[in-house]
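Contents: one structure, followed by commentary.
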Amino acid sequence: MKPATNPLDRRDAWLGVMLIAPSVLIFCAVIVYPLVSAIYLSLFSIYTPTLQGNFVGLSNYAELLAGGEFWHSLANTLIWTVCTLTLQVVLGIAAALMLHQAIIFRSLARSLILFPYFVSTVVAVLVWRWLFNDLYGILNHLMIWAGLLNMPLDWLGSMPNAMVSIVLVGAWKYFPFVVIAVLARLQTIPDNLYEAATIDGAGAWGRFWDVTLPQLKDVLLVVVLLRAIWDFKEFDLIYLMTGGGPLIATQTLPLMVYKEAFGMDAMGRATAVAVAMMFVMLVFMLLYLRQAKQDAAK
Amino acid sequence: MSAAEVTFCKVRKAFGNAVAVRELDLAIGAGEFVSLLGPSGCGKTTSLRMLAGLEFPTSGTISIGGRVVNDVAPGKRDVAMVFQSYALYPHMTVGENIAYPLKKQGMARGEREAQVKRIAAMLKLEALLDRKPRQLSGGQQQRVALGRALVRSPKVFLLDEPLSNLDAKLRAHMRAELIELHRQLGRTFVYVTHDQLEAMTMSDRIAVMEGGELRQFAPPREVYDRPANLFVASFIGTPPMNIVHGEFNGRVFRHPAITVPFQVAGAPTRVALGVRPEDVLLGAGPFRATVRVVEPTGHETIVMLEAEGAALTARAPAESHLRPGEIVPFALRADRLHLFDATTELRLEARATEEISA
């Protein structure tokens with residue numbers, strides 16, 4: 001850009017700065033400041049109720065990486081994210097394909113399918129906990145009635161049932177997001193492509209693999225990116241379902257942050273976990289985006 | 001592995017209450033190049049799509065090579081189609097696009113590659129085989145679409161306005177290539193177009209359609225020289241044929257400005273006279289008209305005239321110096337006049353008696 005020499009240009013430039021200033025200030029206040037202060041706090045040993053403590057350098061991190069709980073929680077987070085995300089995408093595409101067909105009550109079905117996404121997590125989890133309840137839950141009742149089980153099963157208090165349960169509820173809660181995105185894309189795929197494939201001899205599966213899926217690739221890239229971030233940092237659903245239990249069997253990193261900060265009153269260690277979590281996410285995102293870029297270039 | 005004849009027998013297609021095609025009877029010979037020509041909404045594309053198997057006839061039968069294909073899946077009809085939008089698979093390379101139908105037939109990779117090479121050489125696509133469709137120009141995409149159709153050596157080629165997205169120069173070029181391709185392959189071509197120039201230049205026979213009905217099915221020359229009815233007469237030819245409504249007393253066609261004696265058996269009173277613009281001869285003759293508009297096009301001049309309420313268009317030599325408002329004498333070429341029944345709109349086999357009109 002040329003330097004603004006005449007008064008009119010200078011006034012325009014000034015106006016530009018004024019217009020973006022509010023966004024920049026808000027961005028600094030809610031993103032930059034917490035990030036910097038989290039990194040800062042993670043270098044201290046801090047007692048949460050008083051927020052007093054002394055500088056300990058990197059020893060919070062050393063303790064974290066040496067202990068087993070962090071690694072266990074990280075593994076849990078990865079298992080939870082990969083499993084629930086896979087289910088969300090598969091279910092989401094299947095539901096979107098179904099809703100794309102001319103079925104009866106299509107518009108009604110389209111709005112109903114969004115219901116799990118819009119219902120409050122607390123409400124949804126309370127209902128699911130009742131369904132999963134080992135003594136009164138309808139799930140055990142139905143499975144015993146159908147002859148699949150002899151005795152009631154402890155769905156949320158034993159492993160691997162607890163992990164399976166949260167993965168399923170997570171998939172149920174968040175697959176509508178995939179449906180919305182995929183359905184919107186499906187409607188823009190030209191019919192001609194399907195017709196050409198039909199004449200070229202492709203059956204229903206062939207058309208799905210060779211026309212639909214390649215066309216969905218771009219939107220799935222974005223959906224997986226967003227959902228992976230959101231699932232990775234999911235707190236309320238898991239906390240309310242199992243509280244991370246039994247013991248720490250379903251404890252993911254966000255739950256560990258919470259436990260360190262408000263259960264163990266160790267704000268320094270908690271922020272260290274949070275910062276570590278951010279780095280893990282960052283590494284995965286960079287790898288993912290690089291892979292996506294390579295695919296696009298091919 | 002040869003050409004096949006295509007037959008539509010009493011084919012009807014309705015979408016709800018809207019009838020797209022009514023009672024279509026059409027017999028296309030093996031190896032013939034037939035154009036389905038008509039204005040939009042005439043049912044030509046629907047007919048082609050029924051032949052491809054993308055639409056199902058409401059009633060009637062369609063056969064390819066003597067076999068009724070109503071219940072045969074599109075992929076098993078041994079037809080290939082070129083779409084107006086080309087419909088290339090965007091994520092596949094040119095080579096993969098062309099190989100796709102073979103892959104779906106279960107052909108082995110090595111054989112597939114040999115076939116793709118053969119087609120690419122034929123359509124001059126060798127240098128583009130590794131490109132994606134979006135990296136190609138419109139004309140190149142058109143070739144790839146043709147290649148994908150050619151590679152299977154189908155019995156029948158279906159082409160749905162394949163040239164309408166190309167610019168004028170490329171279109172003329174591709175017309176010539178399609179004619180050549182048809183000659184080389186000897187397969188049956190069914191070509192849908194609204195462009196009469198394409199239909200006239202490429203076809204062995206033209207099926208002119210209007211409102212879901214077949215109006216005439218004849219070679220281009222005959223469609224032009226002996227239109228079967230008023231619709232075909234006014235649809236074919238640019239500028240279109242002049243139609244002058246008048247009365248016939250058994251011997252002479254009468255209009256306030258024009259009278260022509262005809263020899264015709266059993267003609268009604270209300271008739272229409274058809275004259276092509278090139279058969280209106282300006283400068284001398286028994287009739288008078290006022291010049292309204294003069295349009296020089298370079299190699300000729302189109303003159304619009306008015307004669308006692310009848311609008312006439314004439315082709316004049318480029319060097320004619322007519323001015324709007326001028327009154328010119330004109331004659332009609334007696335051996336090239338057409339007479340139609342104004343009620344049924346059908347052609348009357350009439351012959352103008354020369355001496356009076358010239």
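The sequence lines fix the lettering, A, B, ..., with proteins before strands; numbering per chain opens at 1. What you are looking at is a predicted structure, and each value in this text was computed from that prediction instead of being measured. Hydrogens, waters and symmetry mates play no part in the numbers below; they use all other heavy atoms, side chains included.
- Within the 4.5 Å cutoff, side-chain heavy atoms of B/R152 are placed close to those of A/D200.
- At a 4.5 Å heavy-atom cutoff, the contact between A/D210 and chain B is made by backbone and side-chain atoms alike.
- Counting heavy-atom neighbours within 6.0 Å of A/W230 CH2, excluding the residue itself, gives a total above 12.
- Atom CZ of A/F279 has 12 or fewer heavy atoms from other residues, nucleotides or ligands within 6.0 Å.
- Closest approach of A/I199 to B/A80, counting heavy atoms only: CG2-CA, 4.2 Å.
- Of the two parts of B/L102, neither the backbone nor the side chain holds a non-hydrogen atom closer than 4.5 Å to a non-hydrogen atom of chain A.
- Considering only heavy atoms from C-beta on, B/M81 stays 4.5 Å or farther from A/E195 through its side chain.
- Residue-environment remark: CZ (A/F208) exceeds the threshold of 12 foreign heavy atoms within 6.0 Å.
- Of the residues considered (A/A196, A/P190, A/A202), A/A196 shows the highest number of contacts with chain B, using heavy-atom pairs under 4.5 Å.
- Among all heavy-atom pairs drawn from B/K104 and A/G206, the shortest one is NZ-CA, 4.0 Å.
- When each of B/L88, B/L54, B/L158 is checked for heavy-atom pairs under 4.5 Å with chain A, B/L54 comes out on top.
- Of the atoms belonging to B/R77, not a single heavy atom falls under 4.5 Å from chain A.
- Within 6.0 Å of OH in A/Y239 there are 12 or fewer heavy atoms belonging to other residues, nucleotides or ligands.
- Interface check for chain A: of the options B/M92, B/H91, B/Q84, the most heavy-atom pairs under 4.5 Å are formed by B/H91.
- Separation of atoms OG (B/S85) and CG (A/D191) is listed at 10.0 Å; rounding is to 0.5 Å.
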